[in-house]
Amino acid sequence: MPRSNVLTPQAVDFPQWYQDVVAKAELAEGGPARGTMVIRPYGYAIWERMQGELDARIKAAGARNAYFPVFIPESYFRREAEHVEGFSPELAVVTHGGGKKLEEPLVVRPTSETIIDSFFAKWVQSYRDLPLLINQWANVVRWEMRPRLFLRGTEFLWQEGHTAHATEEEAHRYALRILTDVYQDFMVEVLGVPVMTGRKTERERFAGAKTTWAAESMMRDGKALQMGTSHELGQGFAEAFGISFSDESGRQSFCWQTSWGASTRLMGALVMAHGDDLGLRLPPRIAPVQVVVLAVRAEDGAGEAATRIAESLAKAGHRVELDTRTDLSWGRRVVGWEIRGVPVRLEVGPRDLSEGKAVLCRRDCNSKTPVSLDQVEAEVAKALEESQEALLGEAREALEARTAKVASLEEAEEAAQSGFALLPGAALASERAAAGQGEARLNEAGVTVRVLQRPDGSLPGADEELTSLVAVVARSY
RNA sequence: CGGGGAGUAGCGCAGAUGGUAGCGCACCUGCUUUGGGAGCAGGAGGCCGCGGGUUCAAGUCCCGCCUCCCCGACCA
């Protein structure tokens, strides 16, 4: 029997491949209203693992979870000029409730700076109340005209952190701590997705922020995806909402703030950073099912052996699923697990059992190796560890191979057709003298500056001049 | 909002000049299979987007409406 293609190959049509995987792996499907999404159990299980890993890191960074309302009085939005200007095109506004027209329309939160800050103003009185570090897990609504499952939708799930600090320096350090210790660490260590961190340009900055920091990754088609952002808000919101405190000497000052978020878009990144023509490839640390044990058939002791193996692996601490659906065809079962990206598959059948073996299949490299039954536990543990590393390594190699150093806008445009371009800030700034002109030209070509970094790839200072930095240029999702 | 399409079974589609609504996948039942999306046989499933009109007769022709999708300016 030949392996049949259930998915559109990536090389044929990458966006179609993505849609196929999301559908066939039963991650999500579209809701009845445009831009809405139903996250199916398997997709949600992955999201729950992301939440758990991120939440632990957020708490390690000192923030605590809370919850604020989904409805925000419209007037709150108007208090910060740049914020309202940036968000008004994508707001959903409730004008009626209980059958009556509302006195004041309510905005369905697109982000929660305004509502949270109005409470920060009450909670913060003294320097002793600082820093105030809050996170919330919530859904947000931003009207979208061109939705794509997980990547861009009218409603999506995320976590948004909001903090208030006594000094600019402290807020700066915290924003970067979140970027590296929470986001980057999670993305690299758990998702196995290498990221390029850096500062956003003025043009790409969050509406109302002083500086926006971001982690960008490369998908398998060479396009960039913003995985998470961390903003230094300065004192703009604090002034608008009156978040002030008296310091040790009794002087009143406005707080310095940060906000940061990562969303269900990470699901899309996970799919597109690792997936191949056979479907998803999940790194073991994020996989809801790490090992699936398949009984080839129910008879000849295979069913019992599979059950026994599954139990021992579960006892060893792995997330295991036992598949004894011998009424289904073999190919269907295998392909189903493959599409779902389960890292390790153990095939238990009479043929191998008679030799005291089972077949261990790794999804990352699609290898098949017979292993002795008494070695199964050790071999599975080893395979999971290696698979995690291999996926990260493969993604790193792809990122490096498709990242080109360029010297001009033309070269950057060219290189961005297949990957990332590293363009000296000087080349970007010098273009037609006026600042931002070079970036505008890139944008016209469908290419954007993803982040600014130092030449060695490290994070630049908040005010470090463009001319001394390097722009990571790419097409993006 | 400008340009281009499409609404028929859960999904994907076909239905020349009007005449009993079909195909593939999926689903149900049975038998045979079972180490890479199995085979055979049988079966269930429809307000043909909505409203009007023409006609003996409309998925098909005419008018109106609605919705969705694709391509161009912002965003996690």
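Throughout, protein chains are lettered first and strands after them, A, B, ... in sequence-line order, and every chain is numbered starting at 1.
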Practice prompt. For nucleotides 70-76 of chain B, just jot down a letter per nucleotide in 5' to 3' order: B, S or -, based on protein non-hydrogen atoms under 4.0 Å.
Written response: -S-B-BB
Item to complete: Between B/G7 and B/C48, how far apart are the P atoms? Round to whole Å, please.
Response: 15 Å
Worksheet entry | Set of side-chain contact (heavy atoms from CB on, under 4.5 Å) partners for A/Trp260, sequence neighbours left out | A/Ile58, A/Ala63, A/Asn135, A/Gln159, A/Thr163, A/Tyr174, A/Ile178, A/Tyr183, A/Ser230, A/Thr258
Discussion item. Just to verify, what does A/His83 make a ring pair (Phe, Tyr, Trp, His ring centres under 6.0 Å) with, not counting sequence neighbours?
Written reply: A/Phe77, A/Phe87, A/Phe206, A/Phe237
Item to complete: Could you please name the partner base of B/A44, counting Watson-Crick and G-U wobble pairs only when both distances are under 3.5 Å?
Response: none
Pair up each side-chain donor or acceptor in residues 16-28 of chain A with any protein partner under 3.5 Å, not counting sequence neighbours, and list the distances.
unit_1  : atom_1 : unit_2   : atom_2 : d
A/Gln16 : NE2    : A/Asp20  : OD1    : 3.0
A/Trp17 : NE1    : A/Asp276 : O      : 3.0
A/Tyr18 : OH     : A/Leu149 : O      : 2.8
A/Asp20 : OD2    : A/Thr8   : N      : 2.9
A/Asp20 : OD2    : A/Thr8   : OG1    : 2.6
A/Glu26 : OE1    : A/Arg340 : NH2    : 3.3

Item to complete: Using a heavy-atom cut-off of under 4.0 Å over every strand shown, decide if A/Leu157 touches base, sugar-phosphate, or nothing.
Response: nothing
Practice prompt. Report the distance from atom CG of A/Asp20 to atom P of B/C25, rounded to the nearest whole Å.
Written response: 18 Å
Worksheet item: Whole-Å distance between B/G39 P and A/Arg332 CZ?
Response: 10 Å
Worksheet item: Under 3.5 Å, is there a donor-acceptor pair between the A/Trp337 and A/Glu321 side chains?
Response: no
Practice prompt. Decide, for B/A16, between syn and anti: a glycosidic angle within 90° of 0 counts as syn, anything else as anti.
Written response: syn
Worksheet item: Under 3.5 Å, is there a donor-acceptor pair linking the side chains of A/Ser476 and A/Arg450?
Response: yes
Practice prompt. Take atom P in B/C63 and the same atom in B/C28, then report the distance between them in whole Å.
Written response: 45 Å
Worksheet item: With A/Thr212, which residues qualify under side-chain hydrogen bond (donor to acceptor under 3.5 Å, both in side chains), at least two apart?
Response: A/His231
Worksheet item: Given that both distances must come in under 3.5 Å, which nucleotide forms a Watson-Crick or G-U wobble pair with B/C11?
Response: B/G24
Discussion item. Evaluate A/Gln257 against A/Glu113 for side chain to side chain contact (heavy atoms under 4.5 Å, CB included), listing each step before the verdict.
Written reply: CA-CA 10 Å; A/Gln257 294 187 270; A/Glu113 274 76 6; over 6 Å; no
Worksheet item: Under 3.5 Å, is there a donor-acceptor pair between the A/Gln290 and A/His318 side chains?
Response: no
Worksheet item: Is there a donor and acceptor pair, one atom on the side chain of A/Lys368 and one on the base of B/G35, closer than 3.5 Å?
Response: no
Could you list the protein-to-nucleotides 6-11 of chain B atom pairs, N/O on both sides, closer than 3.5 Å?
none

Discussion item. Can you see if the side chain of A/Arg148 gets near the phosphate of B/C69 - specifically, an N or O under 4.0 Å from OP1 or OP2?
Written reply: no
Practice prompt. For A/Thr180, check side-chain contact (heavy atoms from CB on, under 4.5 Å) against everything at least two apart and list the hits.
Written response: A/Gln184, A/Leu459
Worksheet item: Sequence neighbours excluded, which residues qualify as side-chain hydrogen bond (donor to acceptor under 3.5 Å, both in side chains) partners of A/Thr307?
Response: none
Practice prompt. For A/Val140, answer base if it contacts any base atom (sugar-phosphate contacts may also be present), sugar-phosphate if it contacts only those atoms, and nothing otherwise; contact means non-hydrogen atoms under 4.0 Å.
Written response: nothing
Discussion item. Does the structure show a Watson-Crick or G-U wobble partner for B/C50, both distances under 3.5 Å? Name it, or say none.
Written reply: B/G64
Item to complete: Only counting residues at least two apart or in another chain, list the ones meeting side-chain hydrogen bond (donor to acceptor under 3.5 Å, both in side chains) with A/Gln136.
Response: A/Ser112, A/Glu160
Worksheet item: How far does the P atom of B/A21 sit from the matching atom of B/A26, given to the nearest Å?
Response: 27 Å
Practice prompt. Using Watson-Crick or G-U wobble geometry with both distances below 3.5 Å, tell me the partner of B/U17, or none.
Written response: none
Side-chain donor/acceptor pairs under 3.5 Å, residues 294-304 of chain A, sequence neighbours excluded:
none

Discussion item. Using atom P in both nucleotides, what's the gap between B/G49 and B/G30 to the nearest angstrom?
Written reply: 36 Å
Practice prompt. Report the residues that fulfil side-chain contact (heavy atoms from CB on, under 4.5 Å) with A/Thr154, sequence neighbours left out, ordered by chain and then residue number.
Written response: A/Val141, A/Trp143, A/Glu144
Discussion item. What's the gap between B/G24 and B/A14 when it is taken at their P atoms, as a whole Å value?
Written reply: 15 Å
Discussion item. For a quick check of understanding: with a heavy-atom distance under 4.0 Å over all strands, which category does A/Pro110 fall into, base, sugar-phosphate or nothing?
Written reply: nothing
Item to complete: Could you check which nucleotide pairs with B/G72 in any of the strands shown, counting Watson-Crick or G-U wobble with both distances under 3.5 Å?
Response: B/C1
Discussion item. Work out how far the P atom of B/U8 is from that of B/U60, and round it to whole angstrom.
Written reply: 14 Å
Response to the item:
Re B/C31: Watson-Crick or G-U wobble partner, both distances kept under 3.5 Å, found to be B/G39
Worksheet item: In whole Å, what is the span from the CH2 atom of A/Trp337 to the C1' atom of B/G35?
Response: 18 Å
Discussion item. Taking the P atom in each of B/C70 and B/C13, what is the distance between them to the nearest angstrom?
Written reply: 13 Å
Please enumerate all protein N or O atoms sitting under 3.5 Å from an N or O of nucleotides 30-34 of chain B, with distances to 0.1 Å.
unit_1 : atom_1 : unit_2   : atom_2 : d
B/U34  : O2     : A/Thr326 : O      : 3.0
B/U34  : N3     : A/Thr326 : O      : 3.4

Worksheet item: Expressed as a whole number of Å, how far does the P atom of B/C27 sit from that of B/C71?
Response: 32 Å
